[in-house]
Amino acid sequence: MDKLPELGKIHPEFFNRVIYPRLGRADKSVIVKPQHGVDFGVVGLGKDVMVLSTDPFYMARELGIEKAAWFAVHILASDVAVSGIRPRYLSVDLNLPPEMTEDELIRMWKAVDDECKKLGIAVVTGHTARYAGCNFPMVGGATVFGIGSKKELIIPKVGAGDYLIVSKGPAIETTGLMSAYFPKYLEVKYGKAFVKKAQDVYYQMSTVKDALIAASVGGVTAMHDATECGVFGGLYEMAAHSNVGMNIHTDRMIMQDAVKKTCKCFDIDPYRAISEGTLLASVKRSKADAVVAALKREGIPASIVGEAVEVKKGINIIDGKTKYRLEHPKVDPFWGKFEEYLRKERA
């Protein structure tokens, strides 16, 4: 039996054994329930559906209040957008640390309001209080909802023969956060100009635009935001959920220079590291080129990195002439390195 990770998401084995067999009262209106490789749940509303997703309300003070609030909103909205349904409503519970000042709360909420307006999201309910024992960056939790027609909904189901598309490449969130928190290490290795380049990756940490563009083209069979355990973890989850194998070519995947060098500096495997902002999509062959072209037209780099195959062929990573079977990473390397460098900063 696998032990729980020290930090980061609980691994799939635990969910299969403890969580998923115990999901409360069965209800036929639940179209998509909790499962690996799926970022959202769905409830049927007659001809329409309600899509919802819940995450921590992540406010990293060191990023600056406004930047942190931008990220907090986009983390939530991204997980609804990958359903093909536009995010529309927000419910938020703020359990604020006592050291958060009134000025910080005002600035945070103004930034949340601004970003929700840009995304077309209305705040409908919530809770706000300060409590002992609450700490940055996890200052609560929130749920984003979207409502649309059943025709718009993409219930994730990768099919053998589908092409696999990755936007922006791996380790987007890893690069955005490590460069924001620990810039001096990058500056020593690569110089000041590189630090700015790496920090500019921060505003790529959203899949809202990516997902809605892909959905508008058609032919998408599944979408997933590559968060914990990165691109490899996300693709593995999509394959396992859909009972297919995959051939994944790393040499066809975009690797941004800022990402490559940041991960090298901090000794992090980019393919297994947290990557909010990287869209993973399976698309019918006839539509794959059109989806990539549509993303590129909007300034979002993307590429076809492989295809889904029969489950008996397994999930394979192919790097040039090297080929090996992929296992779920289980532990995201970002969290350990993040804690390691926080300790260095405090020493």
Side-chain angles (χ1 to χ4, degrees), residues 32 37-40 42 49 51 74 77-87 119-120 146 148-170 172 201 203-227 230-232 234-239 241-242 244-256 259 271 275-310 313 315-318:
V32 177
V38 181
D39 297 315
F40 54 86
V42 182
V49 292
V51 179
H74 277 268
S78 291
D79 282 350
V80 169
V82 295
S83 72
I85 304 292
R86 184 176 295 275
L119 294 173
S149 71
K150 285 184 178 178
K151 291 180 181 179
E152 295 176 278
L153 176 66
I154 299 169
I155 298 178
K157 187 68 175 177
V158 184
D162 289 351
Y163 279 178
L164 307 173
I165 292 174
V166 173
S167 77
K168 300 170 187 161
I172 297 302
V201 173
Y203 285 107
Q204 295 183 37
M205 296 192 300
S206 170
T207 59
V208 176
K209 189 175 180 181
D210 312 43
L212 295 178
I213 289 170
S216 71
V217 175
V220 177
T221 57
M223 291 190 285
H224 190 24
D225 192 1
T227 50
V231 170
F232 281 178
L235 288 171
Y236 183 96
E237 289 168 1
M238 290 174 72
H241 161 70
S242 299
V244 296
M246 287 182 177
N247 289 329
I248 303 160
H249 296 261
T250 54
D251 56 353
R252 299 178 189 173
M253 199 178 301
I254 292 159
M255 177 72 77
Q256 297 187 39
V259 169
Y271 296 106
S275 193
E276 172 73 37
T278 299
L279 179 69
L280 310 175
S282 59
V283 183
K284 296 293 184 183
R285 289 189 182 203
S286 61
K287 289 286 191 176
D289 286 334
V291 169
V292 170
L295 289 166
K296 288 181 176 179
R297 280 196 300 272
E298 293 298 323
I300 301 171
S303 63
I304 299 169
V305 304
E307 65 179 317
V309 295
E310 294 177 357
K313 294 183 178 180
I315 306 170
N316 307 294
I317 300 300
I318 304 166

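Not measured: the values here are computed from a predicted model. Because only heavy atoms are used, hydrogens play no part in the values below, and waters and symmetry mates are left out as well, while side chains stay in.
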Distance in Å, [X] [atom1] paired with [Y] [atom2], rounded so as to fall on 0.5 Å steps:
X      : Y      : atom1 : atom2 : result
Ser167 : Asp210 : OG    : CG    : 4.0 Å
His249 : Ile304 : NE2   : CD1   : 11.5 Å
Glu276 : His74  : CD    : NE2   : 9.5 Å
Glu310 : Lys313 : CD    : NZ    : 5.0 Å
Gln204 : Ser275 : CD    : OG    : 9.5 Å
Ile300 : Leu295 : CD1   : CG    : 5.5 Å

Going by heavy atoms in the side chains, are [X] and [Y] under 4.5 Å from each other?
X      : Y      : result
Ile248 : Met253 : yes
Ile172 : Gln256 : yes
Leu280 : Val231 : yes
Leu235 : Tyr271 : no

Looking only at heavy atoms, which two atoms of [X] and [Y] are closest? And how far apart?
X      : Y      : value
Phe40  : Val32  : O-CG1, 3.6 Å
Val309 : Val244 : O-CB, 3.5 Å
Gly146 : Ile85  : C-CG2, 3.8 Å
Ala290 : Val217 : CB-CG1, 3.8 Å
Ala81  : Ala211 : O-CB, 3.4 Å
Pro170 : Val259 : O-CG1, 3.2 Å

So, does [X] use its side chain to make a donor-acceptor pair with the main chain of [Y] at under 3.5 Å?
X      : Y      : answer
Ser282 : Ala222 : yes
Asp225 : Gly277 : yes
Thr278 : Gly169 : yes

Residues Leu279, Met223; criterion side chain to side chain contact (heavy atoms under 4.5 Å, CB included); working and verdict | CA-CA 7 Å; Leu279 179 69; Met223 291 190 285; 4.0 Å; yes
Pair up each side-chain donor or acceptor in residues 152-165 with any protein partner under 3.5 Å, not counting sequence neighbours, and list the distances.
residue: Glu152; atom: OE1; partner: Ser149; partner atom: N; Å: 2.9
residue: Glu152; atom: OE1; partner: Ser149; partner atom: OG; Å: 3.4
residue: Asp162; atom: OD2; partner: Gly159; partner atom: N; Å: 2.8
residue: Asp162; atom: OD2; partner: Thr221; partner atom: OG1; Å: 2.8

Which residues satisfy the side chain to side chain donor-acceptor pair (under 3.5 Å) test with Glu237, sequence neighbours excluded?
-> His224, His328
